[in-house]
Protein chains: 2
Amino acid sequence: MQLHISSDGVPIYQQIVDQIQYRIMSGQLAVGDELPTIRGLAEDLRVNPNTVARAYRELENEGLVEKRRTTGTFVAELPATRSLAERRRLLTPHLDKLIIQSRQLGFSVGDLLDLLRKRDAQITKTKRLR
Amino acid sequence: MQLHISSDGVPIYQQIVDQIQYRIMSGQLAVGDELPTIRGLAEDLRVNPNTVARAYRELENEGLVEKRRTTGTFVAELPATRSLAERRRLLTPHLDKLIIQSRQLGFSVGDLLDLLRKRDAQITKTKRLR
DNA sequence: ACCGTTGTATTAGCTGAATAATACAATGGG
DNA sequence: CCCATTGTATTATTCAGCTAATACAACGGT
């Protein structure tokens, strides 16, 4: 698991969360796969174990991974799905933000939808590239 | 212009930026419209003028507003459009993030596109509600 | 020409977040 | 049964970002 940490202002723990989340959601990491140990990854990244632990804790809170003492951390089963209303409530602010940004860049709704479709296909495809 | 500031961790200046940007992009504010003066808005919000000034500066950097000394701040003409490649480059990270979040909530691409269309229509509609 | 109003600049304080140092606790495999 | 390895907890330090206080500068209307 070679993660790529950059010093662009995004917290290290957040970069770890983002990248692992991305790999799980794109299918590069499958249910049951083992993540690097906290200490192991911390050493790789030349970072304090607490920093990795924090990232893993967030992933656990999101239900994406499961920690087992003395064994390691693993990609979890898909978390229990919330109600549709709840899921929409959570997504809507992000939709709005994207729409505003898209408009500001001069894209029409159609443009946006097209780009989104293409991007989704691209993300799905990366699964095979390993 | 009644803005709504909440103390939920998002910086005040950022909330100002977001809300004004939203109003411009949704058509609630039209080109040439005058924004509140820095001092005026600062007083409304019980906030230091510098905080509002910072928000306005960011909006100016994005090309959304134009400041005129001794006169005020106004919604600017639509900024010069960048190249398509550049605009896509800027949007792509946001697309990816939304796709990941959407997947994590259990939505399919189709779901996501549907929700996006609806939301866009909603945002466009708010223009008339004033 | 003035002066009130507009935006601007400088400095400083403070809070909170991020990370690290270090020590603790649990448990499965040899 | 024990101990190496796993994750956990506590505490401290540093640093950046946000906001405020205050003073400055420009300019248009009267």
Side-chain angles (χ1 to χ4, degrees), chain A residues 1 3-21 24 29 31-77 79, chain B residues 1 3-21 24 29 31-77 79:
Chain A
M1 169 99 48
L3 298 188
H4 192 273
I5 301 302
S6 71
S7 47
D8 60 350
V10 181
I12 295 168
Y13 82 92
Q14 188 64 57
Q15 296 187 47
I16 296 171
V17 168
D18 289 345
Q19 290 179 47
I20 292 179
Q21 179 177 302
I24 294 175
L29 284 173
V31 171
D33 281 0
E34 179 170 4
L35 298 188
T37 67
I38 288 179
R39 279 179 169 77
L41 184 53
E43 193 169 350
D44 271 9
L45 302 179
R46 315 281 180 73
V47 138
N48 192 283
N50 281 323
T51 303
V52 178
R54 173 163 183 187
Y56 280 21
R57 197 184 323 132
E58 301 228 341
L59 289 166
E60 191 179 33
N61 290 340
E62 291 174 7
L64 287 177
V65 308
E66 180 187 0
K67 288 186 281 202
R68 301 183 208 141
R69 273 240 159 160
T70 77
T71 310
T73 302
F74 302 82
V75 177
E77 303 288 336
Chain B
M1 168 97 49
L3 299 187
H4 189 272
I5 301 302
S6 70
S7 45
D8 59 352
V10 180
I12 296 168
Y13 82 91
Q14 188 63 55
Q15 296 188 48
I16 296 171
V17 167
D18 289 345
Q19 290 180 47
I20 291 178
Q21 181 178 310
I24 293 174
L29 283 173
V31 171
D33 280 0
E34 179 169 5
L35 298 188
T37 66
I38 287 180
R39 279 180 169 76
L41 183 53
E43 193 167 352
D44 271 7
L45 303 179
R46 313 282 180 73
V47 138
N48 192 282
N50 280 325
T51 302
V52 177
R54 173 162 183 187
Y56 279 22
R57 196 183 325 131
E58 301 227 341
L59 289 166
E60 190 178 33
N61 290 341
E62 292 174 6
L64 286 178
V65 309
E66 181 186 359
K67 288 187 280 201
R68 300 184 208 139
R69 274 243 158 156
T70 75
T71 309
T73 302
F74 302 83
V75 177
E77 303 288 336

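Every chain is numbered from 1, with letters handed out A, B, ... down the list of sequences.
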ask   = Could a donor-acceptor pair under 3.5 angstrom be found where the side chain of R39(B) meets the base of dG7(C)?
value =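 When only heavy-atom distances are counted, R39(B) does reach the base of dG7(C) through a donor-acceptor pair under 3.5 Å.
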Which whole-number value in Å describes the distance from [X] [atom1] to [N] [atom2]?
X: I38(A); N: dA23(C); atom1: CD1; atom2: P; result: 19 Å
X: K67(A); N: dT27(C); atom1: NZ; atom2: P; result: 15 Å
X: E58(B); N: dT8(C); atom1: CD; atom2: C1'; result: 16 Å
X: E34(A); N: dT5(D); atom1: CD; atom2: C1'; result: 12 Å
X: L35(B); N: dT6(C); atom1: CG; atom2: C1'; result: 14 Å
X: R57(A); N: dT8(D); atom1: CZ; atom2: P; result: 8 Å
X: E43(A); N: dG7(D); atom1: CD; atom2: C1'; result: 16 Å

message = If you define the side chain from C-beta out and look only at heavy atoms, does anything of Q15(A) sit under 4.5 Å from Q19(A)?
response =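 Q15(A) vs Q19(A): side chains touch.
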query = With side chains defined as the heavy atoms from C-beta onward, is the minimum distance between V47(B) and I5(B) less than 4.5 Å?
reply = no
ask   = For DNA chain C, whose closest nucleotide is more 5', that of T71(A) or that of T70(B)?
value =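 Nearer the 5' end of the strand: T70(B).
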Below 3.5 Å is the cut-off: list the nitrogen or oxygen pairs between protein and nucleotides 17-20 of chain D, distance only.
{"residue": "dC18(D)", "atom": "OP1", "partner": "Y13(B)", "partner atom": "OH", "Å": "3.2"}
{"residue": "dC18(D)", "atom": "OP2", "partner": "Y13(B)", "partner atom": "OH", "Å": "3.3"}
{"residue": "dC18(D)", "atom": "OP2", "partner": "R54(B)", "partner atom": "NH1", "Å": "3.2"}
{"residue": "dC18(D)", "atom": "OP2", "partner": "R54(B)", "partner atom": "NH2", "Å": "2.7"}
{"residue": "dT19(D)", "atom": "OP1", "partner": "I12(B)", "partner atom": "N", "Å": "2.8"}
{"residue": "dT19(D)", "atom": "OP2", "partner": "I12(B)", "partner atom": "N", "Å": "3.4"}
{"residue": "dT19(D)", "atom": "OP2", "partner": "Y13(B)", "partner atom": "N", "Å": "3.4"}
{"residue": "dA20(D)", "atom": "OP2", "partner": "N48(B)", "partner atom": "N", "Å": "2.6"}
{"residue": "dA20(D)", "atom": "OP2", "partner": "T51(B)", "partner atom": "OG1", "Å": "3.1"}

query = Rounded to the nearest 0.5 Å, how far does CG of L41(B) lie from OG1 of T73(B)?
reply = 10.0 Å
message = Measuring from atom CZ of R57(A) to atom CD1 of I38(A), what distance do you get when rounded to the nearest 0.5 angstrom?
response =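 Atom-to-atom, R57(A):CZ and I38(A):CD1 are 8.5 Å apart.
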For the student: nearest non-hydrogen atoms of A55(A) and Y13(A), plus distance =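 Closest pair (atom of A55(A), atom of Y13(A), distance): CB-O, 3.5 Å.
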inquiry  = Reading DNA chain D from 5' onward, which residue's closest nucleotide shows up sooner: P36(A) or R69(B)?
reply    = P36(A)
Any donor-acceptor N/O pair, T71(A) side chain to R69(A) backbone, under 3.5 Å = yes
